[in-house]
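These numbers were taken from a predicted model, which means no experiment stands behind them. Lettering follows sequence order; numbering is per chain, from 1.
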Protein chains: 2
Amino acid sequence: MEPIYLRIFNDIEAKILAGDWRPGHRIPREHDLVDDYGCSRMTVSKALAALVDRGLVVRKRKTGSFVASPQIDRTVMDIQDIGTEASLAGYEHRYKILARRIETLDSVEAAQLDSTSGAEVLRIQCLHIVDGKPTAVERRIILLDTVPLARIESFAAAPPAEWLLSQVPWSKAKHVIRAVPADAATARILEIDRGEPCLNLIRQTWQNDRLVTYVEITHPGDRFQFAGIFHPAKNPRHVDSPTG
Amino acid sequence: MEPIYLRIFNDIEAKILAGDWRPGHRIPREHDLVDDYGCSRMTVSKALAALVDRGLVVRKRKTGSFVASPQIDRTVMDIQDIGTEASLAGYEHRYKILARRIETLDSVEAAQLDSTSGAEVLRIQCLHIVDGKPTAVERRIILLDTVPLARIESFAAAPPAEWLLSQVPWSKAKHVIRAVPADAATARILEIDRGEPCLNLIRQTWQNDRLVTYVEITHPGDRFQFAGIFHPAKNPRHVDSPTG
DNA sequence: CATATCTATTTGTATAGTCAAAAGTGGATC
DNA sequence: GATCCACTTTTGACTATACAAATAGATATG
């Protein structure tokens, strides 16, 4: 038998991840959940505290509990969004959409992405310029089934990574980081020599087992690095943490 | 006023991080902590649950609660240890200590490591061989002030990373991942050409603001990648595996 | 000898309350 | 209008207790 607090946790998590409860949506107050599940307040509290820790919920006395704005886990964030990182480091960041078209996945690509063949996707190529220098090529595929709004998005206001984060909560992400030699096309775009070492990040992001996006980001090895400072979870996380 | 459960949490965390309670040490049982702190069992339980989540404690019914073997934070994308990762992925792993000597840090290096000049360190160079192929050069510095036992350790039974993890809990880690061309020495050791793209990981690990170790690990770009699957703040698994 | 069973210990989950702290609301007063 | 205070809602911390589940260790059995 699944513990009650886990059932509550899972129910609410599912609603949020399914997009049923959007960010800002008010979660039933403890008292209501007590009634709904026929359990004690402590049990409800345990579930909600775990959701706070999971980053899906924020709580405030007197005001209530709300679905949190989707936020990348801080330890993943470090390699998440070039623009954010650049401006955190005090650099100027621009980007240019080099290509943008809607396609259907052929079977080879579909298999590669672990997705279904024939799905409609938006394919984007984007150059990131940090401090005046070309710093990354971003080649991205967005599944239009999962993110229909992408069809009409121009990415003029925010680059694809940032726009997606504001649209879709993610439930799973897979990263691969490699060192690769620059191919001809990449070398031209990044203004480096062919064969130069490049840092290559591939990320797939899912929402409830539906692929949201596949992206490959290639950085010149001499102009970019991934860095992060990590602490083992600082304040008590997970269960019954007060300050969040 | 600090909540009781936080006080308990902090007290125990401090003891573990200070090395006062070593991995495997039995933590007082809930009942004893109830007596010690004059609070209820639920409060103690909350603190211990948080410590479990924090990764510092493991608990088992009837047996008790124990200081966990130090582990890399699960949400951190990182190779905790090549050997472990390799065998998880089903590969055979060997390693060879190429060099081992005790030195004192000169001022240049000390500044680089953000440490004090004149400190005694153990400097190790180590080659990792996965599936019969040279897969990583590990160049490591261990601060003997922080880890005195390293002075007499031969690393015959376990490679430095694994040995350190079993010895020292960490409270902070800094990672840098880059793509670099192989220099002459590295190329020779890894049996690749000079200039070939290599994946380069630098990690510094601290225990309570005292540097434990500085390590630079260089992988051939075509034989290694970092990969990780993340679920926001859950129990992400990460796998760093040799590529074909 | 091995093996199955019982028992005591320790953690895990849950209840049904109490009191406290934060913070939004509205009302009294200037 | 503006300011301060009391009121109310909602979360945060905690108690004292209960019973369940896992299991190490002792005991009984074949």
Novice: Is the closest basic N to carboxylate O distance between Glu30(A) and Arg41(A) below 4.0 Å?
Specialist: yes
Novice: To the nearest Å, how far apart are Leu6(A) CG and dA14(C) P?
Specialist: 8 Å
Novice: Roughly how many Å is it from CG in Asp53(A) to P in dG12(D), rounded to a whole number?
Specialist: 13 Å
Novice: Using OP1 and OP2 only, check whether a side-chain N or O of Thr43(A) sits under 4.0 Å from dT13(C).
Specialist: no
Novice: Is any side-chain nitrogen or oxygen of Ser45(B) closer than 4.0 Å to OP1 or OP2 of dT11(C)?
Specialist: no
Novice: Between the side chains of Thr213(A) and Arg140(A), is a donor N or O closer than 3.5 angstrom to an acceptor N or O?
Specialist: yes
Novice: Atom CD of Glu2(B) to atom P of dG12(D): distance rounded to whole Å?
Specialist: 17 Å
Novice: Between dC14(D) atom C1' and Tyr37(B) atom OH, what is the distance in whole Å?
Specialist: 16 Å
Novice: From the set dT15(D), dT23(D), dA14(C), return the single nucleotide nearest to any side-chain atom of Cys39(B).
Specialist: dT15(D)
Novice: Would you mind classifying the nucleic acid contact of Leu48(A) as base, sugar-phosphate or nothing, using non-hydrogen atoms under 4.0 angstrom?
Specialist: nothing
Novice: Would you please classify the geometry between the His128(B) ring and the His93(B) ring as parallel, tilted or perpendicular, with 30° and 60° separating the classes?
Specialist: parallel
Novice: Rounded to whole Å, how long is the line connecting atom NZ of Lys46(A) with atom C1' of dT11(C)?
Specialist: 11 Å
Novice: Counting only side-chain heavy atoms from C-beta out, which of dT13(C), dT11(D), dA13(D) sits nearest to Arg41(B)?
Specialist: dT13(C)
Novice: Between dA13(D), dA24(D), dA23(C), which one does the side chain of Lys60(B) approach most closely?
Specialist: dA24(D)
Novice: Does the base of dT10(C) carry an N or O that pairs as donor and acceptor with the side chain of Arg61(B) under 3.5 Å?
Specialist: no
Novice: Side-chain N or O of Tyr5(B) less than 4.0 angstrom from OP1 or OP2 on dA13(D)?
Specialist: yes
Novice: As a test of reading the structure: which of dT13(C), dA24(D), dC14(D) is closest to the side chain of Ser40(B), going by heavy atoms?
Specialist: dC14(D)
Novice: Any chance you could lay out the salt bridge (Lys or Arg N to Asp or Glu O under 4.0 Å) test for Glu138(A) and Arg203(A), step after step, and finish with the verdict?
Specialist: CA-CA 11 Å; Glu138(A) 171 179 347; Arg203(A) 178 173 53 236; over 6 Å; no
Novice: Between C1' on dT11(C) and CG on Asp32(B), what's the gap in Å once rounded to a whole number?
Specialist: 13 Å
Novice: Measuring from the side chain of Lys62(A) (C-beta onward, heavy atoms only), which nucleotide among dA22(C), dT11(C), dA13(D) has the closest atom?
Specialist: dA22(C)
Novice: Whole angstrom is fine here: how far is it from CD in Glu30(B) over to C1' in dC14(D)?
Specialist: 15 Å
Novice: What's the CG-P distance between Leu33(B) and dT15(D), to the nearest Å?
Specialist: 13 Å
Novice: Take a 6.0 Å sphere around NE2 of His31(A) and say whether it holds more than 12 heavy atoms from other residues, nucleotides or ligands.
Specialist: no
